[in-house]
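Let me give you the structure first, and then I'll get to my questions.
Quick note on labels: first sequence line is chain A, next is B, and so on, each numbered from 1. All values derive from a computational prediction rather than experimental measurement.
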There are 2 protein chains.
Amino acid sequence: MARAGLTAERLTEAGAELADEVGFEHVTVSALARRFDVKVASLYSHLKGSHDLRTRIALLALDELADRVADALAGRAGRDALAAFAHAYRDYAREHPGRYTAARLRLDPEAAARSAGVKHAQMTRAILRGYDLTEPEETHAVRLLGSVFHGYISLEASGGFEHTAVPAEESWAWALDRLDALLRHRPTP
Amino acid sequence: MARAGLTAERLTEAGAELADEVGFEHVTVSALARRFDVKVASLYSHLKGSHDLRTRIALLALDELADRVADALAGRAGRDALAAFAHAYRDYAREHPGRYTAARLRLDPEAAARSAGVKHAQMTRAILRGYDLTEPEETHAVRLLGSVFHGYISLEASGGFEHTAVPAEESWAWALDRLDALLRHRPTP
DNA sequence: CCTGTTTGCCTAAACCCCTTAGGTGGATGC
DNA sequence: GCATCCACCTAAGGGGTTTAGGCAAACAGG
């Protein structure tokens, strides 16, 4: 009986690929076992179960996304940084829809603690440093940027922009432009 | 053998309640049958299956949400209309998290056609009439508003705002204020 | 009233996914 | 070369989904 050489890491990676192919919600311990030509029970020596698998995929996706964003941000500031951040996010979501969905999984506190979530928040704040905001405005802005990016990607992915002729690309560029302006100018009283 | 008086409508309504209680992803034909004290197979005379059930709940949620927004919008314009729209959306999501998730389900084209989705888009455009934008800017703005609202609600629901002391309420008000300003002022060249 | 039809709910059965308990044999270490 | 370990296996129980076919309550026409 040849050994398949399973490890938690290989299973997680394969699970992430599976997610991109069939959708995160269809990632299943059984499907993963089939992919390795192994019996389902065999995976339980490496994973605690399906919840564990999903969590691991989410952590992988958060890490990958954080790396990409960090690369994109290197050496940029202000509007350039904003655009680089936004594009890194959107590109990742388009290339890896399953992983992106996984990254949005609600994690239990321990998983959240060892996730790259904190790094994401820090990077968003780093962008805003170019716009000199003071608290609590900086937090408001972090939340607004997160909402726009996630909301746009999510609506685009669920087909919400398909019934209008205007290319999604153009609306994205327009939104970034207006967000930059919004952050640059002090509120008008 | 007493009859339970099942209909597709009652099942859909009960499914929506179930979604709010246990989360849309845990709505199951079996759980619904238990709720009516009836065998699972009995539901198949009223529903085509679990996919059909989920779709019906999504359509119900879209209808309810459209009604609420229409009420909120009545007699308002400009910034008032924007705020009313935003609050109607967010309140619905907080009162009915399961239904709100259902409303975001990707519908097949036929279901989408008979959904209230079109009405939602029309109402968003109605708000923007107070800001006199021309195409394609109006479409860009529709998409931006949709992204912010959906993104904010979604991040808030998944706990993304819980690790900072600033109340989510305040950031929401701030975002609406800045969006209003963004829409009122012509882009600076 | 009562008989024939409709229809609402049931049993039975097949199939897929998740999870745990306990076994076996190939790889590894002394 | 023997003991140990661990990677993968079989077995079994518990859900959820879906279809096929049956029975009896509700209903309609004569």
Open item on the list: Regarding B:Thr28, tell me which of base, sugar-phosphate or nothing describes its non-hydrogen contacts under 4.0 Å with the strands shown.
Closed with: sugar-phosphate
TODO: Would you mind reading off the distance between B:Lys39 atom NZ and C:dC10 atom P, rounded to a whole angstrom?
DONE: 7 Å
Open item on the list: Can you identify which nucleotide, out of D:dA20, C:dC17, D:dC9, has its nearest atom closest to the B:Ala41 side chain?
Closed with: D:dA20
Task: Listed nucleotide nearest any side-chain atom of B:Ser42, set C:dC10, C:dT19, D:dC9 - done: C:dC10
Open item on the list: Which nucleotide wins on minimum distance to the side chain of B:His46, given the candidates C:dT11, C:dC9, C:dT19?
Closed with: C:dC9
Task: Separation of atom CG in A:Leu47 from atom P in C:dT20, rounded to whole Å - done: 12 Å
TODO: Return the value, rounded to whole Å, for the distance between atom CG of A:Leu18 and atom C1' of C:dC17.
DONE: 14 Å
Task: is_close_aromatic(A:Phe161, A:Tyr152), centroid dist under 6.0 Å - done: yes
Open item on the list: With a 6.0 Å cut-off (strictly less than), is the heavy-atom count around CG of B:Asp37, excluding the residue itself, greater than 12?
Closed with: no
- [ ] Take atom OH of B:Tyr44 and atom P of D:dT17, then tell me their distance rounded to the nearest Å.
- [x] 6 Å
- [ ] Rounded off to whole Å, could you give me the CG-to-C1' distance for the A:Leu43 and C:dC17 pair?
- [x] 12 Å
- [ ] Quick one: label A:Ser50 by what it contacts on the DNA or RNA (base, sugar-phosphate, nothing), any heavy atom closer than 4.0 Å.
- [x] sugar-phosphate
Open item on the list: With a 4.0 Å limit, can you tell me whether A:Arg34 has a side-chain N or O closer than that to the phosphate oxygens OP1/OP2 of C:dC16?
Closed with: no
TODO: List the atom of A:Phe36, the atom of A:Ala14, and the distance in Å for their closest heavy-atom pair.
DONE: CE1-CB, 3.5 Å
Task: Proximal nucleotide (of C:dC18, D:dT18, D:dC9) relative to the A:Ser30 side chain - done: C:dC18
Open item on the list: Quick one, A:Leu145 and A:Leu128 - any side-chain contact, counting heavy atoms below 4.5 Å?
Closed with: yes
